Structures are given as structure tokens and as C-alpha cells.
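Just below is one structure, and these are the notes that go with it.
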Amino acid sequence: MPQPVRPPPGTLTRLHPTRLRPTRLGLAFLGLTVVTLVGCINYALSLGYAVTFLLGGVWVVTAAHATRAGRAVSATLAAPAEAVAGTDAAFVARVSSAGPALTAALRAEAGRAPVQTMRHVPAGETVTVTLPVPAPRRGKLALTRLQVVALDPLGLWEARRALPVPEPLTVFPAPEVNAPPPPARTVPGAGEGAGRTRGDEEFSGLRAYQPGDSPRQVAWRHAARTGVLLTRETDAPAGTVLALDWADTARLPDPEARLSRLAAWVNAARRTGTPFCLTLPGRTLPMGGGEAHARAALAALAGHAPLPAAAAPARRATPPAPLPGSVLRFTLFALAVALAPAALRQPVWVTLMVAGVLGYSAARTLRPLPAPPTVLLGLAAGVTAALLYARYGTLLGRDAGTALLALLVALKTAETRTRRDARLLALLGLFVTLTHFFFSQGPLAAAHAALSVLLLLAALGGWTDPLTGPPTGARPLRGAGLLALQAAPLAALLFVLFPRPDGPLWQLPVQDAARTGLADQISAGDFASLAQSRAVAFRADFAGALPAPAERYWRGPVYEAYDGVRWNQVRVRGPAPSLELFGPTFTYTLTLEPSGKPWLLALDSPAVLPSGAFLTNAFQAVTPRPATGRTRYAFQGRAARLGLRESEERLAFDQQLPEGESPRARALAASWQGLAPEARVEAALAFLRSGGFAYTLSPPALPERDRVDAFLFGTRRGFCEHYASAFTFLMRAAGLPARIVGGYLGGEVNPDGSYLIVRQQDAHAWTEVWLPGRGWVRVDPTASVAPARVNAGLPTALTRPAASAAPAPTPLHRAALRLDALQNRWNTWVAGYDGSQQRALLSRAGVGRIGGATYLGVAGALLALALLPALLAARLRPRSADPAARALHDLTRRLRLPRAPGETPTAYAQRAARQFPAQASAIADAVRAYHAARYAPDRHAEALRELRAAVRRVRRR
């Protein structure tokens, strides 16, 4: 094996500085992080921020790991003994790591063709690797831009260091295959005994050994007696000799073919040991033999002018190497985990297709199965897109888009053939993981995201190893977990301090499955379906005491237009009504679940609205940008008199009834018109209290015509919208403006968090009647029939309508409330952490406004602290895992004389002794102790102690 080039004694090869830069994979990883960050900003995905900042932290931490690996790696390169045109010149490199285990690459350029080889280097060890360099033509082969590259565990960064370039290698001509024998020549006048020449027949004497002499010619017995190497010389009659001449190849028209035949003749003489001479135009090589003579002849052939022109580097059409099955299966498993939550919401046939493609791709790693045709994959994608469009009406919506993305990622696994494709699968898996936050940002979604990111990072690291990658199991997961832990401080800091905008960057219509909640219009029976849902509509946190049950009317949409069947919202023109606030101010925060509706639920009349919200002239709080996710809104409310001064147009509109509708109800209400306005209201309520009405979720169906008559004088069984609709009809027929208000009533008190849980089953409808001198007055006709609906909640009202309080919660229900309290805290500080939460937190911490001097100073200081572990890891000098190697390194530091790359400890000791003769004995003792500790495992501990003591006896410079 050729030995690496070493510096001459007394000199030291200066190491080139390390240059850090991201790889192509690192740039793609950074691009993915930026894209997900923009998406999280636009859609206010708080958990998406957390995962994005974690990925950004991993990107920064891996830069530190690459820097440390670059400090630890070193390499030397030795040229091969010879190379033949048309083959690969096998340069031999020794790559060492003075610190952690790492993946290293040797890169160079030969002409315009880049060459590279990669190898995993264990901690503190040296590996030998071959760098195959194409040698397409004869002549000089020079390497340029030779460098050793160290990668981080995920392959996102590379630390480059330039290496000394070896001398150009002479590439011999390719010998002709099955070349004819060379012509034999007879020297004139020579005969047996008349003349002698170098040959292998008779002994002619001894001479001094020269490099390149054949070992068979060495006088080994003489060397054993005297210790001096001598070479036996032999000769032969000078009658017949092997004379190779350029003219003997004249029949070959191509100069390269002539050189190829001469090279074949030289190699034949080289194998048989036959002496020969060589005559070329302008140059003659005298008679000789041996390795040195043959190489000189081949070198003369290689340098024969003119040299062939350098051709453009040809791309080798070599098929990609098969991917390691264990790493690919691990990647497919990580991708399956990332895609798993989509099975709960996407169509079943999409889930079956995704599972089938992933399963087939995994099976191909275990047995030889044909790859699916590209046409078939494209057809599957097209059919899926068409079916999803037919179901959802778009491919840009949340449900359709994520389902199509899941299938496209699964189809990508079917055409994965290279390491680049496999790395792309891991990046796509990270992107898919963040899309799940469109549907949920709860603790389970966070746990799934953490598991998916850990598995995908481990899979990504598996493709960094150039051979097979780390084995599946705990080791890659430990590595990914370590990176995540190191990135966690930076991710947490960015999660808290990164500015959160209050609105999206752009508006994109997102269609999804229908959500339960209040509708734009109501009719009898609509609220009964909501009453059967225990889904949370919103939670309300109060700064002070909770309001009394009778005051928990959460105002939503106002319905004023009636066509005999349905009540609809309208926009009535006219001057704004008056609003008179009085009483103490109370502050509360609503955490609304996504509904896609513009209205905000508020108590009484809000004195201070959230940013961007406004009150309509029906005193309804609305926002122009309905939130598509869980959103927090802060309110300040006070008691109010609504519409003391109301427009005549609205009052007239709110007395209109369909012509000829429900004549019996009209007649009943007409009998009250002679009463005072308040007395008319009391008369209607008394009619409901004494009329045998029942409160139920399953009332009989009402006809299309005269529905109010059918209810008041027929079925007498209904839900809140039945009573609100009938009562509003009676008030209008009695000559009073009236309208229906939809919203929620009540809320369950959670003692663990001191907040209200308002569910969809708390949806309610009541009536507002305009009374002179009082304005719009809330009247709840349902409370006349079932008082428990106000005081005890819906479940109690359905079983005990007259109850005054709800029964005590069961132990199971109390446990559910505790879980909900944890969920509420999660929503507040993690999933619901938005711009308002951030500003409030920074204000309490005394940081000030975002972008201010204090904010920038504190953020900069905390950022430096968060980056400190990564900076220390980057600056940490590599230390070998071998204690003996560490002691030898300490010796070099005491002498302030570094070892050259590839320099043996013995050679280093000789060089150091020449430079410091006063300490030559101490240095020699230290190196002998090193060898004893390094190669004597039976007394390793004692040898290490002796080694450290010997190193300490060397005086520091």
C-alpha cells in the first residue's frame, strides 16, 4: 500500500481554516422552515410556531455540530503507484477524527470532473478510504480543489478544509489487448561470448542496491552477514536483444494506437524481466531492465507529444446503488406515523390508498418487486384529485388539500430510488406534520407532532452515513432527541418573543366540513339539534366574580325578518340607535372555538371591543375576519340601556308580520292592545305559564302555514326557538316592536379554573321587545315555561323544569372538569398564544412594546443565552475518545508543537527532539509510555498512569 506523503523532518504542515456552509439538504430544510413559518403567521397556528422554531433551532444546532466535526477531522492523500488511461486512479486517503464520530467526505476536481468519496469515521479513529479518480487519457493527472468535508449528524451543514494537493500523477497509455510480439533484432558482429549485455543467464558481479531493483536479484545472504544491500548483476550474449522502436508500429495510423502497442510490449518485457531499449521520435531509452526501467519507458510513452486533447467530462450512466432497506423502512415508518392522524378525517378510500402504497413500498425493501409505472402513479393522483374535487368542490380547502397532499406524499415513496428522494420524504413528512394543526392544536396533537418530528429527524440522520446509515433502533432516536433538546431553548425563546401579527398576511378561502353553531337564520326545531351536542362553543375567563346565572346571556345574531317559517338577519337602514352604559365595568376573555361565523358572543353591551371588532346597529359584536382556529377575545362590559332612541324605520320593520299568518294568535294579541306596553308583555308571559306548555327537545312537527297557531293552540310542546318565535309574533301582533336574539345561555362553572364552559347545548333564543322609555328589553319566554333553563342548565330543565339549581357534579364529572381546566390552560398559554397574549405577557414582565429598545435589548440577551450551548459546542476543541491519544495530544500542547497530519508518534518524537534537544530524553520516554499504553491492554490502567506522569515530566514551553 502506498504510504501517505509526510512533511520533511523539522517542518509542520499548516492546516487550512475550516469553512462552514449549508448543504443542499440544509438549504431545503431552511426553505421548509421559512415556508411553514409564513403559513403559521397567516393562519395563527400557535403549535405550528413551536414546531417551526424547533426545526429552526435544529438547523442552528447542527451548524455547531458541523463546526466541531470540522475541527476534529484531518486527512492525508497519497497517489497510487501508477495509473492506466481509461481506468480509475485509486488515490488512498487516511481520514482521522480527533473527537466525535462523524461522516467525512473527500472531494476534488480532476480537470473539470468532480470526484467524491464518503466514509463514516468512528470517534478517535483513523480509516483508510479510496478516492477513485477517472483517468480518461494519458499524461499528467492533477487534482485541484482537494478538500476534506465533515458533516453534521443530519447532513444539513458541512465544514470544509482544503488539503495539500499531491504531485500530478503520470497516467500510462492503455496497453493494447492481444498485441502481436515485438520484432527480434540481431546486433551486427556479435556472437556467443563475443559480446555481453544485461540479461538473466549468467552472474556478472555485485553492485549497490538501487530503488526499483527486483527482490529476486538482491544478495540476501550477503545482506544477512554485513547488513548492506547488494544487487546481483547478470548478463547474456549480445547477439539477440529486445529493441522496441516507434517505427515498428508504422502500420497503425493512429498515434494513440501505436503508443498502446508499445505499452503492451513494455508490459510484456516487464512481466518476464527481459531487458529492452526503447526508441521514440526525439528520444531514446538505453538498454535496461527492472521496475524502474519499465516505469521510465511507460512514462516516456505517456509524455509523448502531442498529448490527446482533454474531452469534456462524460457523465457515467451508472444505475443508482440500491438503498439500504433498513433505513428506508425506518423512513417509511416515520412517514406513516406523520400521516396517521389524517385517517381520522379524510375519506376512507384515500386512507386505504395511502396505506396500500406505503405497504407496497415497504415490501419492496424485503423482496424484489417491480416498481409501479410512472403512468400508473400519475393516473392515481389525477383520479384522486378529481374525486376530492367532486366531494369538496375545491382542492384548495383544508380537507381536500390535506387529503390530496397525503396521497401525493405516499405516491412519492413508490418512486423513491436515490438518497435524495429518501431525504425528500423526511422533509415532506415534516411538512405534513404541521398541516394537522389546521384541525387540532390540543395536547394530543402536540404529542403526535413531537413523536413525528423525532422519528423524521432520526430518519433524516440515517441517510447521512454513506454506507448504510445508523441501525434502526434507539441510537438514531437518541441522536435526534439530543438535537431536539439542544434546540429547545432557542425554540422556546422564539415562541415567546417572536412577534405575532393580529391578522393574516393574505386571505385564502378555506372550505371545510360544517361546524355546529348558531346559523344565519332559524326556524322551529333548529336549536334542538344543537342542544344534543356537548361540544365546547367557548370558554369565558372573568377577571373578577362570575356573573349570576340570570345574567349569563351571551348575545349573538339578531333575527328580525319573518316570512312565516324562518327568521332571518337583515340590515335596516337609518340612524344608529342610542347606547347608554351604566354600572360597574367587568372584564372577561372569551376563547372561541372555530365556527367560521363573524359574530362574537358578548354579555350585555361591551364597553371595550377587541381590536378590529365593531357593534352593529342591532348591538351585535362582529369581526370582519372570522377566525378559522381557536381565538381569544378580550372584552370589557357594562350594563346598558339599548335603543332608547331608535329609528322609526327599524321600529316599523320590527312590527311586520306575514299577511294572513296565524289568525288565532293575531286575535289573542289584538285583545291586549288596550293594555300598557309592559302589561302586554306580562299578559303574553302569563298565557305561556298557564297554558299547559312543555319544554322538550322532541316536539311535534309544525305545518308550513299558521305555525304559531299550531304551536300555541295545538302541540304546546317545544324548545327555546318555538317559544321565542311565538312570543315575538304575539308582541308584534299586539303592536310592540320585537325581534329574536340568538346566542347562548348559562355556562358550566369549572371550579378548578374559575371560568365558564359554554357548550353548543347551551345555544338559546330569546326575545327583545322595544318599550317606550326603556328601549330594547330582554324577555325570555322559555323561562316562563322552564325556569330551570336559566338557573340550572339544559339537562336539569329537561327533567325538572321548575328546579332552582343544578344537582351536584358526580366524581366522574369533577374529573372531566379538571381535564377541561388543563385543556383551558393549554389553550391559553400554548395553542391560543397570540399577539394579545404576547403583549400582555411582555407588559407584565416589564419588557415593553414589541420593537422597543427594552424589547430588543432583552431579546438579544436571551437569544445569546439560548445560543450559548451551540456556541460552546462549536468552540469546543475535539478530544479523542482514546485516553492514550489524549495524553499524546497534551504532549504536543506542552511543547506547542502540533503533529502533522499522518505523522506517527515516533516520527513526531524525532522531530521534537531535534527542535528541543534539551528535552529529547523526556520526549522519548513519553512516546515509549504512549506505545505501552496504546498496545498493552493487559496493563492498560497502570500504563496510562505512567504515560500521564511521563507527559508531565516534559517542561512546558
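This structure is a prediction, so every number in the text was calculated from the model and none was measured. Reckoned from all heavy atoms, side chains included, excluding hydrogens, waters and symmetry mates. We count residues from 1, following the sequence as given.
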Answer whether the closest heavy-atom distance between the side chains of Ile740 and Phe727 falls below 4.5 Å. no
Supply the atom-to-atom distance Leu712 CG to Leu730 CG, rounded to the nearest 0.5 angstrom. 5.5 Å
Give the ring-plane orientation class for Phe586 versus Phe542, where under 30° counts as parallel, over 60° as perpendicular and anything between as tilted. tilted
Tell me, with the steps shown, if Trp766 and Tyr723 meet ring pair (Phe, Tyr, Trp, His ring centres under 6.0 Å). CA-CA 8 Å; Trp766 60 91; Tyr723 293 100; over 10 Å; no
Under a 3.5 Å distance rule, please check whether Ser725 uses its side chain to pair with a backbone N or O of His722 as donor and acceptor. no
Taking 4.0 angstrom as the limit, do Arg664 and Asp706 come out as a salt bridge? no
Any side-chain heavy atom of Arg391 within less than 4.5 Å of one from Pro347? yes
Distance under 6.0 Å and angle within 45° of ring axis: Arg638 vs Phe582: no
Looking only at side chains, do Tyr562 and Glu661 share a donor and an acceptor under 3.5 Å apart? no
Sequence neighbours excluded, every pair satisfying salt bridge (charged side-chain N to carboxylate O under 4.0 Å, His left out) that has a member inside residues 823-834: none
Check whether any side-chain heavy atom of Thr589 sits under 4.5 Å from a side-chain heavy atom of Tyr633, and report yes or no. no
Determine, for Asp520 against Lys597, whether the closest basic-nitrogen to carboxylate-oxygen distance falls under 4.0 angstrom. yes
With Tyr695, which residues qualify under ring-ring contact (aromatic ring centres under 6.0 Å, His included), at least two apart? Phe719
Testing the 3.5 Å rule here: is there a donor-acceptor pair between the side chains of Gln346 and Thr351? yes
So do Asn750 and Leu756 actually touch side chain to side chain, heavy atoms under 4.5 Å? no
Non-hydrogen atoms of Leu546 and Ser754 that approach each other most closely: CD2-O, 4.1 Å
So does Leu444 have more than 12 non-hydrogen atoms from other groups sitting under 6.0 Å from CG? no
Quiz item: cation-pi between Arg555 and Phe619, 6.0 Å / 45°: no
Can a salt bridge be assigned to the pair Arg539 and Glu593 using a cut-off of 4.0 Å between side-chain N and carboxylate O? yes
If you count the non-hydrogen atoms of other residues, nucleotides and ligands that lie under 6.0 Å from CZ in Phe614, is the total more than 12? yes
Kindly determine whether Leu388 and Leu395 satisfy side-chain contact (heavy atoms from CB on, under 4.5 Å), including the steps that lead there. CA-CA 7 Å; Leu388 290 175; Leu395 294 179; 4.0 Å; yes
Verify whether one side chain among Arg789 and Thr782 offers a donor that lies under 3.5 Å from an acceptor in the other. no
Would you say the side chains of Thr728 and Arg739 form a donor-acceptor pair under 3.5 Å? no
Is any side-chain heavy atom of Arg707 closer than 4.5 Å to one of Ser662? no
Do you know the tightest heavy-atom contact between Arg566 and Ser523? NH1-OG, 3.1 Å
Distance (rounded to the nearest 0.5 Å) between Leu609 CG and Leu615 CG: 5.0 Å
Residue pair Pro610 / Ala634: nearest heavy atoms and the distance that separates them: CG-O, 3.4 Å
With side chains defined as the heavy atoms from C-beta onward, is the minimum distance between Leu745 and Asp780 less than 4.5 Å? yes
So which pairs with a foot in residues 677-694 pass side chain to side chain donor-acceptor pair (under 3.5 Å), sequence neighbours left out? none
Does the structure place the NZ or CZ of Arg500 under 6.0 Å from the centre of the six-membered ring of Tyr49, at an angle of no more than 45° from the ring's axis? yes
Any ion pair linking Glu768 and Arg778 (charged N to carboxylate O, less than 4.0 Å)? no
A side-chain contact here means heavy atoms from C-beta on lying under 4.5 Å apart; do Asn824 and Tyr755 qualify? yes
Grab the two heavy atoms, one from Leu579 and one from Leu642, that are nearest each other, plus how far apart they are. CD1-CD2, 3.3 Å
Show the nearest heavy-atom pair for residues Ala445 and Ser440, with the distance to one decimal. CB-O, 3.6 Å
Any chance you could lay out the salt bridge (Lys or Arg N to Asp or Glu O under 4.0 Å) test for Asp399 and Arg345, step after step, and finish with the verdict? CA-CA 8 Å; Asp399 295 277; Arg345 56 180 179 267; 5.7 Å; no
Any ion pair linking Glu560 and Arg650 (charged N to carboxylate O, less than 4.0 Å)? yes
Side chains of Phe729 and Arg666: closer than 4.5 Å at any heavy-atom pair? yes
Indicate the atoms forming the closest heavy-atom contact of Tyr744 with Leu518, along with that distance. CE1-CD1, 3.8 Å
Distance-only polar pair, side chains of Glu721 and Trp567, donor-acceptor under 3.5 Å: no
Between OG on residue Ser605 and CZ on residue Phe635, distance to nearest 0.5 Å: 10.5 Å
Assign the ring pair Phe693 / Phe711 to parallel, tilted or perpendicular, where the plane angle (0 to 90°) is split at 30° and 60°. tilted
